[in-house]
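The structure appears right after this line, and notes come after that.
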Amino acid sequence: MTRLFNDPAAFADEALEGFAAAHRRWVRPVTGGVVRATRTPAGQVAVVIGGGSGHYPAFSGLVGRGLAHGAAVGNVFASPSAQQIRSVARAAHGGAGVLLMYGNYAGDVLHFGQAAERLAADGIDARTFAVADDMASAGPDESAERRGIAGDLPVFKAAAAAAEQGLALDDVVRVAERAGARTRSFGIAFSGCTLPGADHPLFTVPEARMAVGLGIHGEPGIGEEPLPTADEAARLLVDTLLKELPEDVPGPRGQRAAVVLNGLGAVKYEELFVVYRKVAALLGEAGVEIVDPEVGELVTSFDMAGVSLTLTWLDEELEELWRAPADTPAFRKGTLDAPVPDAGEPSAEEDADPAVPPASEDSRHAAATVLAALEAVAATVDTHVEELGRIDAVAGDGDHGIGMRRGSTAARGAAADAHARGAGAGTVLARAADAWADRAGGTSGALWGAILRSLGTALGDREAPDAGRVAAGVTEASAAVRRLGGAEVGDKTMVDVLVPFAETLAAAVADGQALTDAWDRAATSATEAAAATAALLPRKGRARPHAEKSLGTPDAGAHSLALITRAVHGVLIRRPHEDHPHDHH
Ligand SMILES: Nc1ncnc2c1ncn2[C@@H]1O[C@H](COP(=O)(O)OP(=O)(O)O)[C@@H](O)[C@H]1O
Ligand SMILES: O=C(COP(=O)(O)O)[C@@H](O)CO
């Protein structure tokens with residue numbers, strides 16, 4: 001249970017604010033997260049890590065000398081937005097490039113990838129690396145699909161220590177890749193976490209049972225077994241990790257390994273030590289030499305009761321990097337001179353109030369309908385916020401409603417602002433797109449940003465947005481989401497709704513139907529397609545490792561998209577004159 005909070009929607013921001021206030025010796029707040037209190041030395045690669053809130057000390061607690069140069073922090077269990085990441089990276093940059101590091105989740109991959117592109121456009125050499133250590137989330141033949149859990153720590157540390165040694169960006173990336181390839185984790189859980197403001201946990205485990213193969217977002221385990229003793233738990237963790245060694249490790253005997261026994265939030269340190277005692281004995285029996293073990297809370301999931309074991313198989317270089325000193329709020333090793341905080345550069349803020357480009361009267365008129373549509377989107381998301389969270393919690397992380405509400409509310413606000421300043425339909429949509437992606441983060445934030453951006457580009461600020469333009473915009477939005485997320489029809493994502501919606505709309509418009517009627521027909525096909533996702537097995541995103549559990553429940557993002565198309569139709573009916581904007585002339 002998370003008991004102490006104010007407005008749940010403000011929880012992540014308020015936690016970050018308090019964290020920064022409490023750790024001024026190490027960090028200073030910037031837009032989107034924190035950076036080291038000390039400036040990144042000129043010529044040193046900056047390692048910027050990040051992810052959702054709710055995992056402390058990941059990610060902000062790992063910022064300091066010897067570890068990360070900055071951390072971008074998203075909302076609860078949602079990746080930070082590309083804009084947040086870019087802002088943190090610009091503040092952390094020491095002139096020698098940036099390596100962005102995060103756990104392998106759809107939202108993080110999308111936003112960190114976009115941030116790297118924006119940094120490149122700013123003239124900063126930026127690379128990305130996703131940690132994928134969790135053995136439970138995909139088999140060895142699909143190891144690139146694995147999610148990142150407590151293996152984040154040794155992989156981040158290897159790369160950051162390499163940066164601290166002065167290695168060039170290419171070499172820091174090489175070290176990250178090598179540490180990632182040699183790091184595996186596996187975990188077990190006894191109860192799920194309860195998000196701030198929620199009244200029940202994201203999952204429960206029956207009395208006297210344990211979930212095997214945990215995630216760090218309240219995803220249920222992939223299996224269930226009787227509750228073990230501490231020694232049995234240790235044996236399960238060690239045996240699982242020893243079953244899959246990296247390609248270039250022929251056997252455990254004689255190998256040296258960094259070991260992390262991680263508590264997820266509600267397992268006592270004493271319990272962890274009882275388990276560790278047996279972990280150490282079993283690894284010793286297998287002939288593994290343990291190097292600088294860490295036992296404690298390193299990557300958590302609010303109050304989830306669970307524990308995971310991580311091994312990084314060391315070579316000479318990785319061992320030196322693992323043992324190198326570090327001084328961060330939550331992770332210290334060896335000794336470093338006292339840091340000398342400096343004010344650093346002012347954080348790289350975006351132009352807060354960019355001018356609105358000129359627009360034709362037709363387009364400004366259409367912008368009022370666009371604003372009404374975005375108001376209807378925010379209202380329908382608000383009405384269904386709990387239902388969306390519930391659907392997402394069946395096999396995902398339960399935050400779909402929260403993320404969609406943050407995004408759609410921000411989009412409505414930005415659209416209203418742009419409209420009030422005389423923007424055309426294209427600009428209103430473009431501003432709404434940026435606000436949605438920036439405020440929501442997460443997978444759906446990135447994808448909804450792309451949807452609104454595509455529509456905005458198609459409508460523009462000049463021509464009257466007739467049915468043909470709207471249909472072309474929706475078709476481009478469908479292509480953009482597939483391009484960005486890599487999902488196709490049948491993968492059980494919003495793509496299963498977006499594709500039939502776009503195709504039905506385009507076909508009806510090509511048949512000569514008015515926009516209102518064509519949209520009505522397309523929204524009906526969207527509703528049917530969303531319901532049909534219940535029968536699918538997820539092949540992308542958070543729900544993938546829990547494929548069977550999701551059978552019978554529709555995809556959350558597919559469902560929210562269908563609700564939105566229907567709500568927008570309500571606006572088109574109320575403002576049918578927008579079907580025929582030229583009637584005014
Ligand atoms: N690769 C992808 N392509 C398109 N849509 C995706 C993809 N991965 C996930 N989704 C959609 O995103 C929805 C989840 O959105 P959100 O709650 O923001 O996710 P997360 O919490 O994983 O960031 C899913 O229900 C699905 O419809
Ligand atoms: O949940 C996280 C990010 O993944 P999404 O796909 O955006 O939900 C975050 O907590 C770990 O970075």
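Counting from 1, the numbers follow the sequence of the chain as shown. Remember, it's 1-based here, ligands and their atoms both numbered in the order they're listed. For clarity, every value in this text was computed on a predicted model and none was experimentally measured.
- For the residue pair Gly557 and Met494, the shortest heavy atom distance occurs at O-CB, 3.6 Å.
- Judged by the shortest distance from any of its heavy atoms, Phe77 lies inside the 4.0 Å radius around the atoms of ligand 2.
- Counting only heavy atoms of the protein, atom 10 (O) of ligand 2 lies nearest to His55 NE2, 2.6 Å.
- With a 4.0 Å heavy-atom cut-off, ligand 2 is reached by the side chain of His217 but not by its N, CA, C or O.
- Applying the 4.0 Å criterion to heavy atoms of Asp399 picks out, from ligand 1, the atoms 17 (O), 21 (O).
- Taking every heavy atom of His400 and a limit of under 4.0 angstrom, the matching atoms of ligand 1 come to 14 (C), 15 (O), 16 (P), 17 (O).
- For ligand 1, the polar-atom distance check finds an N/O of Gly485 within less than 3.5 Å of one of the ligand's N/O atoms.
- At under 3.5 Å, not a single nitrogen or oxygen of Gly50, backbone or side chain, sits near a nitrogen or oxygen of ligand 2.
- Checking side-chain atoms of Asp133 against main-chain N and O of Thr183 turns up no donor-acceptor pair under 3.5 Å.
- Relative ring orientation between His559 and His384 is described as perpendicular, the plane-to-plane angle rising above 60° on a 0-90° scale split at 30° and 60°.
- Using a 4.0 Å cut-off between charged side-chain N and carboxylate O, Asp134 and Arg147 make a salt bridge.
- Residue, atom and distance of the protein heavy atom nearest to atom 18 (O) of ligand 1 are Ser444 OG, 2.7 Å.
- In this structure, atom 24 (C) of ligand 1 lies nearest to the protein heavy atom Asp555 OD1, 3.5 Å.
- Set against the non-hydrogen atoms of Thr443, the atoms of ligand 2 under 4.0 Å away are 6 (O), 7 (O).
- Against a heavy-atom cut-off of under 4.0 Å, Gly51 is close to the following atoms of ligand 2: 12 (O).
- Listed for the Arg539 side chain is no donor-acceptor partner under 3.5 Å among the backbone atoms of Leu536.
- The protein atom (non-hydrogen) at minimum distance from atom 3 (N) of ligand 1 is Ala487 CB, 3.4 Å.
- Per-residue contacts place Met494 under 4.0 angstrom from the following atoms of ligand 1 (heavy atoms of the residue considered): 5 (N), 26 (C), 27 (O).
- With respect to atom 6 (O) of ligand 2, the closest heavy atom belonging to the protein is Gly107 N, 2.9 Å.
- A donor-acceptor distance shorter than 3.5 angstrom exists from the side chain of Thr2 to the backbone of Thr194, with no hydrogens or angles considered.
- Applying the 4.0 Å criterion to heavy atoms of Gly442 picks out, from ligand 1, the atoms 23 (O).
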(message) Working note: His217 + His55, criterion ring-ring contact (aromatic ring centres under 6.0 Å, His included); need CA distance, chi angles, decisive distance, verdict.
(response) CA-CA 9 Å; His217 300 92; His55 305 299; 4.7 Å; yes
(message) Apply ring-ring contact (aromatic ring centres under 6.0 Å, His included) to residues Phe302 and Phe77 and explain how you reach the verdict.
(response) CA-CA 10 Å; Phe302 277 105; Phe77 289 176; 5.7 Å; yes
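- Taking only nitrogen or oxygen atoms, main chain and side chain alike, Asp399 does not reach within less than 3.5 Å of ligand 2.
- By the 4.0 Å heavy-atom criterion, Gly103 is excluded from the residues contacting ligand 2.
- Here the side chain of Thr380 pairs no donor or acceptor atom with the backbone of Ala376 at under 3.5 angstrom.
- Of the candidates Gly398, Gly401, Gly557, Gly557 brings a heavy atom nearest to atom 13 (C) of ligand 1.
- The backbone N or O of Gly442 lies less than 3.5 Å from a partner atom in the side chain of Ser79, making a donor-acceptor pair.
- If you check which protein heavy atom lies closest to atom 5 (P) of ligand 2, you get Arg542 NH2, 3.3 Å.
- For the pair Thr300 (side chain) and Glu297 (backbone), a donor-acceptor distance under 3.5 Å is absent.
- The nearest heavy-atom contact from the protein to atom 12 (O) of ligand 1 is Thr443 CG2, 3.8 Å.
- In this structure a side-chain-to-backbone donor-acceptor pair under 3.5 Å is missing from Thr527 to Ala562.
- Regarding atom 7 (O) of ligand 2, its nearest protein heavy-atom neighbour is Ser79 N, 2.9 Å.
- In the vicinity of Gly52, heavy-atom distances shorter than 4.0 Å reach the ligand 2 atoms 9 (C), 10 (O), 11 (C), 12 (O).
- For the pair Asp555 (side chain) and Ala558 (backbone), a donor-acceptor distance under 3.5 Å is present.
- In Leu447, the part holding a heavy atom less than 4.0 Å from any atom of ligand 1 is the side chain.
- Between Asp108 and ligand 2, at least one N/O pair is under 3.5 Å apart.
- Residues satisfying the side-chain hydrogen bond (donor to acceptor under 3.5 Å, both in side chains) test with Thr533, not counting sequence neighbours, are none.
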